[in-house]
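What follows is a single structure, written as structure tokens, with notes after it.
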Amino acid sequence: MKIIMLGAPGAGKGTQAKKIAEKYGIPHVSTGDIFRANIKGGTELGKKAKSYMDQGQLVPDDVTIGMLLDRISQADCENGYVLDGFPRTIPQAKSLTDALNARGEKMDYAVDVDVPDEAIVTRMGGRRACVKCGATYHVAFNPPKAEGVCDACGDTLVLRDDDKPETVQKRLTVYHDQTQPLIDYYRNEGILVAVDGTKELNQVFTDIIAVLGA
Ligand code: AP5
Ligand code: MG
Ligand code: ZN
């Protein structure tokens, strides 16, 4: 199964992608997580990405597309994957469609997790993320077992650099300009499904599974 997660920053793409990946036994591929791992590791890619990310801007397509296509051609992606945070622009979506077509493949579903902007700003302030494994928590809605410690890997949880209110606002603007048009793109491809992302997070998961067919 090959799934794309669509939705605004903070809509819950990462939260749901992790659960889907676990349920279907497929990798969770998050471009944001790959960039953050590179920033932490001090790589050239990380240096390139950081300035854009800190400003709430998109990392340029020429960097992002190659990196993602590389990742999904690895052996663990053979039976499918969940894409979280990619594609984010029309050129990214077209590159993905073309690369898959060339192998006689296609995406199965694009899941739009729909949450209005007002709810997003509240969520971001309470988010805590694990820099090591990318797991995401919320101080009120999805707390870790021990405060500040990742349930999955035991590393420290942090407030992401780009979760300051001004940067969140900028990311929302970029989302509406550049990423929201993908909803129509995948509707035209006939693979769009939309879920109400304002519900409790386990309910959102149940709604997603219902449309994917368990
Ligand atoms: P990325 O890491 O993808 O960030 P994002 O899209 O802004 O999305 P977030 O991770 O902020 O939100 P999410 O939807 O995953 O929400 P989450 O599950 O954490 O990208 C970061 C940056 O990298 C970009 O700005 C860009 O610069 C660059 N980048 C990445 N990909 C790129 C690309 N393809 N092209 C160019 N640049 C790229 O949930 C949010 C919070 O809410 C959590 O605390 C969670 O616990 C809580 N929550 C989740 N669901 C619920 C619920 N139902 N009810 C209550 N709380 C909930
Ligand atoms: Mg995320
Ligand atoms: Zn972790």
So which heavy atom on [X] is nearest to which on [Y], and how close?
| X | Y | value |
| --- | --- | --- |
| Ala146 | Asp151 | N-OD1, 4.4 Å |
| Ala11 | Val115 | O-CG2, 3.7 Å |
| Leu172 | Ala8 | CD2-CB, 4.1 Å |

State whether a side-chain donor-acceptor pair under 3.5 Å links [X] with [Y].
| X | Y | answer |
| --- | --- | --- |
| Thr15 | Asn142 | no |
| Tyr185 | Thr97 | yes |
| Thr43 | Asn38 | yes |

Transitively linked via ILVMFWY side-chain contacts under 4.5 Å: [X] with [Y]?
| X | Y | value |
| --- | --- | --- |
| Ile209 | Val113 | yes |
| Phe86 | Met107 | yes |
| Tyr137 | Val168 | no |
| Val111 | Val204 | yes |
| Ile34 | Val131 | no |

Mind checking the [atom1]-[atom2] spacing from [X] to [Y]? Nearest 0.5 Å is all I need.
| X | Y | atom1 | atom2 | result |
| --- | --- | --- | --- | --- |
| Leu96 | Ile4 | CG | CD1 | 5.5 Å |
| Ile26 | Met1 | CD1 | CE | 6.5 Å |
| Ile191 | Asp108 | CD1 | CG | 7.5 Å |
| Thr64 | Asp62 | OG1 | CG | 7.5 Å |
| Ser51 | Gln57 | OG | CD | 9.5 Å |
| His28 | Met5 | NE2 | CE | 8.5 Å |

I'd like to know whether [atom1] of [X] has more than 12 heavy-atom contacts from other residues, nucleotides or ligands below 6.0 angstrom.
| X | atom1 | answer |
| --- | --- | --- |
| Asp76 | CG | yes |
| Gln180 | CD | yes |
| Glu147 | CD | no |
| Gln74 | CD | yes |
| Lys40 | NZ | yes |

Side-chain ion pair, [X] and [Y], N-O less than 4.0 Å:
| X | Y | value |
| --- | --- | --- |
| Glu44 | Lys47 | yes |
| Asp112 | Lys13 | no |
| Asp33 | Arg36 | yes |
| Lys170 | Asp54 | no |

For Arg128, salt bridge (charged side-chain N to carboxylate O under 4.0 Å, His left out) partners two or more places apart: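 Result, salt bridge (charged side-chain N to carboxylate O under 4.0 Å, His left out) vs Arg128: none returned.
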Asp114 vs Val195 side-chain heavy atoms within contact, under 4.5 Å: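 Asp114 vs Val195: side chains apart.
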Expected output: side-chain [X] to main-chain [Y] donor-acceptor under 3.5 Å:
| X | Y | value |
| --- | --- | --- |
| Gln203 | Gly197 | no |
| Glu200 | Asn202 | yes |
| Arg103 | Leu100 | no |
| Thr167 | Asp162 | no |

Result of checking Leu68, Ile65, Thr31, Leu182 against Pro87 for side chain to side chain contact (heavy atoms under 4.5 Å, CB included):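 When Leu68, Ile65, Thr31, Leu182 are each tested with Pro87, the side chain to side chain contact (heavy atoms under 4.5 Å, CB included) holds only for Leu182.
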Sequence-distant partners of Tyr186, side chain to side chain donor-acceptor pair (under 3.5 Å), two or more places apart: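 Once residues adjacent in sequence are excluded, Tyr186 has no partner under the side chain to side chain donor-acceptor pair (under 3.5 Å) criterion.
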Verdict with supporting geometry, Arg88 and Gln178, side chain to side chain contact (heavy atoms under 4.5 Å, CB included): CA-CA 7 Å; Arg88 250 181 160 90; Gln178 304 204 47; over 6 Å; no
